[in-house]
Amino acid sequence: MERRTFLLAAAAAPLGAALAPLPLLAAQPVSMKDIEELQKNWQSFLAPGAKLPSPGEPLKLSKDEWKKRLPPEAYKVLRDEGTERAGSSALNGEKRPGVFACAGCGLPLFTSAMKYESGTGWPSFFTTIPGAFETKKDFYLIYPRTEYHCIRCGGHHGHVFDDGPPPTHQRWCNNGVALQFIPK
Ligand SMILES: [Zn+2]
């Protein structure tokens with residue numbers, strides 16, 4: 001099936017309907033319209049019956065509560081803006097259909113169809129689920145970078161760069177330890 005036709009067919013299918021998994025994974029977006037479709041249909045990557053929080057329910061915890069809730073490596077990244085060692089995350093090779101959620105609060109952030117192999121050693125995405133993140137400029141490495149964090153819990157996830165693949169040219173470079181993968 002032609003890519004464009006498939007995306008339209010996928011868009012027309014009711015939520016939760018069985019979609020042919022192969023074309024969804026293989027479809028590479030070529031236009032910004034494809035990106036909009038990916039963003040609009042992100043829920044089709046959820047496991048049936050999966051209950052995940054929404055951005056409208058903020059999660060605010062104290063430093064001590066976060067320390068109790070998170071493993072030390074995840075705490076270092078999410079709450080202290082640390083960076084994991086490149087190539088250390090098993091999620092680099094994760095290719096199954098599903099949703100990547102915040103390891104701090106469970107908010108859905110990316111789908112498997114938004115992931116690509118950047119070769120950097122960190123899970124990388126060319127777009128996000130709409131409204132999942134807030135950004136700020138940081139100067140830790142002297143030159144300015146755009147930091148992004150989960151809108152629900154404020155947890156740091158990574159930095160977004162402009163050397164990603166077309167059509168967005170975005171590279172959301174995410175620490176794997178800050179993510180949990182929920183297979184469809
Ligand atoms: Zn979060």
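When every heavy atom of Ser89 is checked against every heavy atom of Pro123, the shortest pair comes out as OG-CG, 4.3 Å. Nearest heavy atom pair, residue Glu117 against residue Gly119, reads OE2-N, 2.7 Å. Closest non-hydrogen pair, Gly104 versus Leu78, comes out as N-CD1, 3.8 Å. Shown here for Ala103 and Leu70, the closest heavy-atom pair between the two residues is O-CD2, 3.8 Å. Residues Phe181 and Pro97 come closest through the heavy atom pair CZ-O, 3.7 Å.
No side-chain heavy atom of Arg79 sits less than 4.5 Å from a side-chain heavy atom of Lys63. Residues Arg171 and Thr120 have side chains in contact (heavy-atom distance under 4.5 Å, counting atoms from C-beta outward). Residues Leu59 and Arg69 meet the side-chain proximity criterion, which asks for heavy atoms closer than 4.5 Å. Using a 4.5 Å heavy-atom threshold, the side chains of Leu109 and Phe125 count as separate. Contact check for Trp42 versus Pro130: side-chain heavy atoms found under the 4.5 Å cut-off. Under the 4.5 Å side-chain criterion, counting only non-hydrogen atoms from C-beta, Val30 is not in contact with Pro167. Within the 4.5 Å cutoff, side-chain heavy atoms of Met114 are placed close to those of Thr127. Val177 has its side chain out of reach of Tyr75: every pair of non-hydrogen atoms, C-beta onward, lies at least 4.5 Å apart.
Between the side chain of Ser124 and the main chain of Trp122, a donor-acceptor pair closer than 3.5 Å is present. Proximity of a side-chain donor or acceptor of Glu84 to a complementary backbone N or O of Gly176 within less than 3.5 Å is detected. Remark: side-chain polar atoms of Asp34 are paired, donor with acceptor, to backbone N or O of Ser31 under 3.5 angstrom. Of the possible polar contacts, one joining the Asn92 side chain to the Gly121 backbone as a donor-acceptor pair under 3.5 Å is found. Checking side-chain atoms of Thr168 against main-chain N and O of Phe126 turns up a donor-acceptor pair under 3.5 Å. At distances below 3.5 Å, at least one donor-acceptor pair connects side-chain atoms of Arg152 with backbone N or O atoms of Cys105. Remark: the backbone N or O of Thr128 is paired with a side-chain donor or acceptor of Gln39 at under 3.5 angstrom.
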From CA spacing to verdict: side chain to side chain contact (heavy atoms under 4.5 Å, CB included), Ile182, Phe45: CA-CA 9 Å; Ile182 306 163; Phe45 288 85; over 6 Å; no
Checking Lys136 against Thr146 for the side chain to side chain donor-acceptor pair (under 3.5 Å) test, could you report, in this order, the C-alpha distance in whole Å, the side-chain angles of both residues, the deciding distance, and whether it holds? CA-CA 6 Å; Lys136 73 173 194 301; Thr146 303; over 6 Å; no
Intermediate values then yes/no, side chain to side chain contact (heavy atoms under 4.5 Å, CB included), Asp138 and Glu81: CA-CA 10 Å; Asp138 79 33; Glu81 298 197 17; 4.3 Å; yes
Asp163 and His169: CA distance, side-chain angles, deciding distance, side chain to side chain contact (heavy atoms under 4.5 Å, CB included) verdict: CA-CA 6 Å; Asp163 56 9; His169 301 285; over 6 Å; no
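A tilted orientation is assigned to the rings of His159 and Phe161, their planes being inclined by 30° to 60°. Classification of the Phe133-Tyr148 ring pair by plane angle, with boundaries at 30° and 60°, yields perpendicular.
Considering CD of Glu57 and CG of Leu107, their distance stands at 9.0 Å, rounded to 0.5 Å. For the atom pair Phe100 CZ and Thr111 OG1, the distance stands at 8.5 Å (nearest 0.5 Å). A distance of 7.5 Å separates OG1 in Thr135 from NE2 in His149, rounded to the nearest 0.5 Å. To the nearest 0.5 Å, atoms NZ (Lys33) and CG (Leu38) are separated by 12.5 Å. Considering NE2 of His157 and CG of Asn175, their distance stands at 9.0 Å, rounded to 0.5 Å. The CD1 atom of Ile151 lies 12.0 Å from the SG atom of Cys102; values are rounded to the nearest 0.5 Å.
At most 12 non-hydrogen atoms from other residues, nucleotides or ligands lie less than 6.0 angstrom from CG of Asp162. For Lys68, the NZ atom is loosely surrounded, since the number of other residues' heavy atoms within 6.0 Å does not exceed 12.
Linking ILVMFWY side-chain heavy atoms closer than 4.5 Å, directly or via other members, places Leu46 and Ile129 in a single hydrophobic cluster.
The pair Glu37-Lys40 meets the salt-bridge criterion, with a side-chain N (NZ, NE, NH1 or NH2) lying under 4.0 Å from an Asp/Glu carboxylate O. Of the charged side-chain nitrogens involved, none lies within less than 4.0 Å of a carboxylate oxygen, so that Lys60 and Glu65 do not count as a salt-bridged pair. Arg145 has no carboxylate O lying under 4.0 Å from a charged side-chain N of Glu147, or vice versa, which leaves the two without a salt bridge.
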